[in-house]
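Report on the structure given below.
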Amino acid sequence: MRRVRLRRDLPVPMPDGVTLLADHYAPPGGGPAPVVLMRSPYGRRGLFGLVYGRGFARQGFHVVIQSCRGGFGSGGRLDPLGDERDDGLATLDWLWAQPWYGGSLAMYGPSYLGYAQWAVAAEAGPDLKAMATQITASQFRDAAYLGGAFALESALSWTTLTDGMSRPFGGTTAAFVAPRAARRAVLTARPVAEMDLASAGRPLPFFRDLVAHHADPAVPYWDKRDFSPRVGEVNAAVTMLGGWYDVFLPWQLKDYLAMRAAGRRPHLTIGPWYHVDGRHGRVSMAEAVTWFRAHLLGETSRLRRDPVRLYVTGAGEWRGYPDWPVPGALERRWHLQPGFGLGPGEPRESGPDRFRYHPAHPTPVIGGPVLLADSRPRDQRRLEARRDVLVYSSPALDADVEAIGPVRAELYVRSSTPWVDVVVRVCDVHPDGRSFNLCEGVRRLGPLDGPCGEVRRVEVDLWPIGHRFGRGHRVRVHVAAGAYPTIARNPGTGRPLGEDGPMVPADVEVFHSPAYPSGVVLPLCAPRG
């Protein structure tokens, strides 16, 4: 029986003299054939080699798994996100010169590996026939600065992870240690700019870069790290897999829409997954094999009919759709009502609701999308009992209600300081009282958003949703000014993120009346079944 052949540690030269290492898996037979390229900062052995290297090679592809700059034997210094375009294009030049290169190419990989695909996709030329991207996006800037706030836990845990993996004997151990170290660090009294010292024991350059550029994410630092402007130029066939609870889903869907606007027909799958959820691995591999065999080998019979496949939570079923947003979904505003009510009826006259946010004791978060933790919905009742969280609930539903698509909130708020965060969350309340978070979003306000003494209209983009609220359930909305440690606390002073100093509480009023129709906009669909 012919077997997959493995050659380890192939040197791949970069234009600046650095050498990156790659492993090559040759399919049975070993002659020229299409190639699947993966570029990873997480190593290239273990499960990577077994599942992806041997798995794709058994399907008839050459597979190259390369370690990104600065890790796992590759030379140079890891500059996260900064070198993937230049190193990726140099790797393609090397690949095309190999005698076993068969004239066509695909790229595969989740998270950072997916970002590395987008970094070269627009310039890879006609040989790039297909891409399979999972839980990723063409830019990570907006995920780092959520609505203008700072994604503290995700940024700290990832930079701690990559630092640990770069150390001797770090390897996969760092994947277990880093999230716990980051969680311990955010509970300390250190200023944000020094939390890497508590998490990793030393300064982490990328974490400090993220902190330094928080005030203005449009600075040149991000120019070579943002590939979203060129997504519409990608000619390769792209399939995307995401999760309803993944940190990158909103920006992954922007990539999908950019391809659709350019006339492309990408495929999209969204399941009930979070970022490090092992359940999506088998699905992503199966979809990629089908995709690559269709676009590199011409075997199209196994491609699904509907380009969009969504798992509808609450209903517990997979569904096919022709596009995203799904056709037929209608935006409906559910207004905040007097007495902390919520419903699709017109808002009634009432005074504002009030709470005080104390940055020294920030409003915590229970669940929600973070990078290296289980982000599945969790019971929110302990959070809802807090004085710094406003809770608005609908009556029990007399019929199923399905919401599938983008979600946004429009609130009218007044605060005692111009620097305040507005956090909005949508929950499904079960008949027994359990309240599970489905999607959320944040918007950081400053003086440019209006004087603090005036009522300000605030739009907040929440995570997309694909959910059925069952008969007898209730729809619930939270309004708060913090979600710690998912986002860094807002000190209420406007000082730069990395600076320590006094903190100012914010007294927040939320208005809801015919003049101030605060509410959440849900994409409602006619329930199936």
Side-chain angles (χ1 to χ4, degrees), residues 6-26 34-45 48-49 52-53 56 61-128 131 133 136 138-140 158-159 161-163 165-168 170-171 204-206 209 220-227 229-230 233-234 236:
L6 169 61
R7 296 174 62 201
R8 298 187 185 275
D9 301 332
L10 298 182
V12 183
M14 299 292 107
D16 61 355
V18 167
T19 297
L20 309 186
L21 298 184
D23 291 350
H24 171 216
Y25 295 81
V35 175
V36 175
L37 173 65
M38 300 173 60
R39 302 193 62 252
S40 169
Y42 306 122
R44 57 190 187 279
R45 307 278 165 81
F48 268 93
Y52 304 126
F56 285 126
F61 303 106
H62 288 279
V63 184
V64 174
I65 306 179
Q66 181 188 64
S67 290
C68 293
R69 181 178 293 248
F72 296 89
S74 287
R77 182 182 66 86
L78 176 65
D79 177 18
L81 314 180
D83 293 308
E84 304 316 331
R85 173 190 173 274
D86 293 345
D87 288 355
L89 292 176
T91 299
L92 293 182
D93 288 338
W94 172 86
L95 189 63
W96 293 329
Q98 302 309 303
W100 36 264
Y101 178 68
S104 60
L105 168 72
M107 296 190 294
Y108 175 84
S111 193
Y112 194 103
L113 286 74
Y115 170 84
Q117 295 182 56
W118 287 117
V120 300
E123 301 176 72
D127 280 13
L128 178 61
M131 297 166 54
T133 71
T136 193
S138 60
Q139 57 94 2
F140 291 163
W158 190 81
T159 52
L161 169 68
T162 53
D163 175 73
M165 296 184 80
S166 68
R167 298 188 185 193
L204 301 178
F206 184 52
D209 284 345
Y221 175 85
W222 287 103
D223 288 350
K224 68 174 184 176
R225 294 172 170 84
D226 180 0
F227 301 99
R230 304 199 67 179
E233 301 174 31
V234 175

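Just so you know, these numbers use all the heavy atoms, side chains as well, and skip hydrogens, waters and symmetry mates. Residue indices begin at 1 and follow the sequence shown.
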**OP:** Using modelled atom types only, decide if a donor and an acceptor are shared between the side chain of Thr162 and the backbone of Thr159 within a distance under 3.5 Å.
**Re:** yes

How close do [X] and [Y] get, counting heavy atoms only, and between which atoms?
| X | Y | answer |
| --- | --- | --- |
| Phe227 | Gln139 | N-CB, 4.4 Å |
| Gln117 | Tyr108 | NE2-C, 3.1 Å |
| Val64 | Ala22 | CG1-CB, 3.9 Å |
| Gly76 | Val18 | N-CG1, 3.7 Å |
| Pro41 | Leu113 | CD-CD1, 4.0 Å |
| Gly71 | Ser67 | O-CB, 3.4 Å |

Less than 4.5 Å apart, side chain to side chain, heavy atoms only: is that true for [X] and [Y]?
| X | Y | answer |
| --- | --- | --- |
| Leu128 | Pro126 | no |
| Cys68 | Tyr112 | yes |
| Phe61 | Val35 | no |
| Val234 | Met131 | yes |

To the nearest 0.5 Å, what is the distance between [atom1] on [X] and [atom2] on [Y]?
| X | Y | atom1 | atom2 | value |
| --- | --- | --- | --- | --- |
| Arg69 | Asp87 | CZ | CG | 4.0 Å |
| Leu81 | Lys224 | CG | NZ | 10.0 Å |
| Asp163 | Trp158 | CG | CH2 | 11.0 Å |
| Leu20 | Trp94 | CG | CH2 | 10.5 Å |
| Leu95 | Leu10 | CG | CG | 11.0 Å |
| Ser40 | Ile65 | OG | CD1 | 8.0 Å |

Subject >> Partners passing ring pair (Phe, Tyr, Trp, His ring centres under 6.0 Å) against Phe48 (at least two apart in sequence or in another chain) >> reply: Tyr52

**OP:** Using the side-chain hydrogen bond (donor to acceptor under 3.5 Å, both in side chains) rule, collect all pairs that involve residues 71-81, keeping only residues at least two apart or in two chains.
**Re:** Asp79-Arg225

Subject >> Thr91 and Gln66: CA distance, side-chain angles, deciding distance, side-chain hydrogen bond (donor to acceptor under 3.5 Å, both in side chains) verdict >> reply: CA-CA 9 Å; Thr91 299; Gln66 181 188 64; 3.0 Å; yes

Subject >> Stepwise ring pair (Phe, Tyr, Trp, His ring centres under 6.0 Å) check, Tyr115 with Phe140 >> reply: CA-CA 8 Å; Tyr115 170 84; Phe140 291 163; 5.0 Å; yes

Please enumerate all residues that pass salt bridge (Lys or Arg N to Asp or Glu O under 4.0 Å) together with [X], with sequence neighbours excluded.
| X | answer |
| --- | --- |
| Glu123 | Arg85, Arg230 |
| Arg39 | Glu84 |
| Arg45 | Asp9, Asp23 |

Original post:
So, do Phe72 and Tyr42 have ring centers that fall under 6.0 Å from each other?
Top reply: no

**OP:** Only counting residues at least two apart or in another chain, list the ones meeting side-chain hydrogen bond (donor to acceptor under 3.5 Å, both in side chains) with Ser138.
**Re:** Asp255

Original post:
Are Leu92 and Leu37 close enough, and set up right, to give a side-chain contact (heavy atoms from CB on, under 4.5 Å), and what steps lead you there?
Top reply: CA-CA 9 Å; Leu92 293 182; Leu37 173 65; 3.8 Å; yes

**OP:** Please lay out, stage by stage, how His24 and His62 fare under the test side-chain contact (heavy atoms from CB on, under 4.5 Å).
**Re:** CA-CA 7 Å; His24 171 216; His62 288 279; 2.9 Å; yes

